[in-house]
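One structure is given below, encoded as structure tokens.
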Protein chains: 2
Amino acid sequence: MASDASAEPRAWEQVLQHIERRLLDGELAPGDRLPGERVLAAELGVGRSSVREALRVLEVLGLIRTHAGSGPTAGAIIIATPGGGMSALMRLQVAANGFPVADIVAMRLVLEASVADGLAAASALVPQTDAPDLEPADRLLDAMDAPDLAPAEFLALDAAFHLALAEASGNQVITATMAGLRSGIEGYARAGLATIADWHATSDRLRGEHRGVVAAIRAADAASARSRMHDHIAGYYAETFIDPAPAPARTPPSR
Amino acid sequence: MASDASAEPRAWEQVLQHIERRLLDGELAPGDRLPGERVLAAELGVGRSSVREALRVLEVLGLIRTHAGSGPTAGAIIIATPGGGMSALMRLQVAANGFPVADIVAMRLVLEASVADGLAAASALVPQTDAPDLEPADRLLDAMDAPDLAPAEFLALDAAFHLALAEASGNQVITATMAGLRSGIEGYARAGLATIADWHATSDRLRGEHRGVVAAIRAADAASARSRMHDHIAGYYAETFIDPAPAPARTPPSR
DNA sequence: GGTTCGGTGTGGTCCGACCACACGTGGTAA
DNA sequence: TTACCACGTGTGGTCGGACCACACCGAACC
């Protein structure tokens with residue numbers, strides 16, 4: 001499955017594998033600086049172009065961050081930013097019709113409902129220090145109460161609210177995935193705003209649903225939190241979806 | 001959030017944005033061939049190296065496939081392979097400690113349970129043609145009954161079985177994510193095999209659990225399918241987990 | 001002592017060159 | 001006429017060199 005059986009040791013792939021191995025061996029960890037591109041090229045016996053191609057991949061995947069210049073902040077530094085790569089992946093896959101928007105929404109439904117469920121269950125924990133931190137979500141909900149909020153601003157706060165809930169769950173993978181899913185359908189969400197007839201009524205309803213979800217979480221009512229979240233998201237998409245057609249008959253990519 | 005506000009028009013990023021825009025505009029679709037690297041470079045006024053860096057990213061993300069030579073199969077062809085990029089992302093993020101293994105397992109739990117739940121619900125559909133196709137999963141289960149199966153082979157079939165269920169759900173995003181999650185913890189799963197004392201008993205139990213899940217799906221018993229799947233996965237990881245320590249105090253990547 | 005001005009090493013980019021590869025095509029031989 | 005083979009051509013893959021902007025850092029200067 002790893003596509004390394006026998007065939008293609010392309011130069012940039014060697015670089016990627018080398019770095020991955022050093023990561024797995026613990027020789028490289030977040031915060032460390034990678035050797036310079038020229039050094040890396042010499043060490044691996046490849047050209048600098050190939051090293052750069054591998055570094056570019058790592059950068060897009062959120063593995064490293066590069067800065068020019070000198071000093072401790074310069075060079076390629078390992079940062080395991082979970083969300084970055086996921087967003088790029090989702091966005092581009094959607095653009096290329098690899099990920100149907102409906103499937104993204106469906107998965108978001110599953111994930112958000114589970115997060116709400118899990119948060120409610122965790123809220124019942126006896127040591128309150130172990131209970132999830134809903135403060136950031138609360139602050140976002142308060143911000144959304146501002147009366148003169150433009151739809152786009154509301155949408156951004158809404159996205160941040162859902163992301164805050166995911167973060168409260170403590171699961172970095174779910175958080176990153178959620179951020180990625182949202183990036184993938186961001187364009188559709190923006191376009192969907194135009195289809196809403198009465199924005200005032202809709203935003204009021206959304207505000208109420210948000211509060212209801214958080215209240216259910218705080219009440220440790222897992223079933224209610226799950227269903228409220230589910231209905232909240234499903235309802236919104238049912239209202240704003242631009243293109244209900246799931247998948248037009250397109251030529252299969254095939255080989 | 002999209003990090004495009006004002007600052008960095010790095011050359012390779014321009015190429016990426018150009019291609020993404022053409023995808024969104026429908027000028028490029030799966031199956032199409034991208035212009036040659038030299039042509040693309042000339043069109044965008046950047047060097048070929050920058051074009052290649054962008055293409056490398058697209059390739060790792062599963063957006064394109066490149067072939068040298070001539071003819072209709074040569075060049076960079078757009079393929080929206082959903083799973084490829086996800087696997088690379090998960091694998092590298094795990095390697096860099098960006099994704100805790102425990103979080104991946106937790107998310108897998110959520111996803112698999114939901115898939116089982118959804119499949120069971122869909123099995124109740126009246127037009128049987130719309131019911132999920134469990135044939136591939138059945139075949140894999142039969143293959144797992146072979147008595148002389150090495151643990152590693154069993155593990156591969158097990159992974160394929162779970163993936164087949166995801167595919168049966170028809171959700172490409174969930175399928176790709178599932179494949180990615182598995183790639184991320186593949187190393188741990190392999191290592192976990194060594195910790196199993198009585199492989200014969202364990203594999204027998206797994207076989208039974210698999211059959212039970214499929215039976216519950218066929219019976220359209222969503223609750224049972226969900227809980228069986230949940231217990232199946234949770235139980236397995238509880239048995240084989242190598243490093244139960246969730247996250248050692250590591251230096252924050254930060255900036 | 002404080003300030004300034006190069007040196008130095010970093011990534012970012014471009015260019016030119018060469019290679020392996022695979023398809024087409026045209027000439028050639030049967 | 002037909003089958004075969006060799007070469008041309010365009011593709012990605014790779015390398016090396018060159019130059020740039022940048023940021024630090026230290027030495028020289030005021």
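Naming convention: chains lettered A, B, ... in sequence-line order (proteins, then strands); numbering from 1 in each chain. These numbers were taken from a predicted model, which means no experiment stands behind them.
- Atom CG in A:Leu44 sits about 14 Å away from atom C1' in D:dT14, given to the nearest Å.
- Across all strands, B:Ala11 comes closer than 4.0 Å only to sugar-phosphate atoms, never to a base (heavy-atom distances).
- Look at CD1 on A:Ile77: it is 11 Å from C1' on C:dT10, rounded to the nearest Å.
- Residues B:Leu34 and B:Ile19 form a side-chain contact, since some pair of their non-hydrogen atoms from C-beta on lies under 4.5 Å apart.
- Taking every side-chain heavy atom of B:Arg48 into account, D:dT14 is the closest of D:dC24, D:dT14, D:dC15.
- A salt bridge does not link B:Glu53 with B:Arg56: every distance from a Lys NZ or Arg NE/NH1/NH2 to an Asp or Glu carboxylate oxygen is 4.0 Å or more.
- Comparing C:dC14, C:dT13, D:dG12 against the side chain of B:Arg10 picks out C:dT13 as the nearest.
- Counting to the nearest Å, the P atom of D:dG13 and the NE2 atom of B:His67 are 9 Å from each other.
- In the interface, the side chain of B:Arg38 is paired with the base of D:dG12 through a donor and an acceptor atom under 3.5 Å apart.
- Atom pair A:Arg56:CZ and C:dC14:P shows a separation of 12 Å (rounding to whole Å applied).
- A:His210 and A:Phe154 have parallel rings, their planes meeting at less than 30° on a 0 to 90° scale where 60° marks the start of perpendicular.
- Between A:Arg52 and the phosphate of C:dG12, there is a side-chain N or O to OP1/OP2 separation shorter than 4.0 Å.
- At whole-Å resolution of the value, CG in A:Leu40 and C1' in C:dG9 are 16 Å apart.
- To the nearest angstrom, P of C:dC14 lies 13 Å from CH2 of B:Trp12.
- Mapping B:Gly71 and A:Glu37 onto DNA chain C by nearest heavy atom places A:Glu37 at the nucleotide closer to the 5' end.
- A:Glu53 places its CD atom 16 Å from the C1' atom of C:dG11, with the value rounded to the nearest Å.
- As rounded to whole Å, 13 Å separates atom C1' of C:dG12 from atom CD1 of A:Ile64.
- Note on B:Arg33: nothing from the nucleic acid sits closer than 4.0 angstrom, heavy atoms only.
- Within 4.0 Å (heavy atoms only), A:Ser50 reaches sugar-phosphate atoms of the nucleic acid but no base atom.
- Residue A:Gly47 is in sugar-phosphate contact alone, with no base atom involved, counting any heavy-atom pair closer than 4.0 Å across all strands shown.
- Atoms OH and CD1, on B:Tyr188 and B:Ile185 in that order, are 10.5 Å from each other to the nearest 0.5 Å.
- Residue A:Ser70 has its side chain nearest to D:dC24 when only D:dT11, D:dC24, C:dC15 are considered.
- A salt bridge links B:Arg91 with A:Glu20; the closest basic N to acidic carboxylate O contact falls under 4.0 Å.
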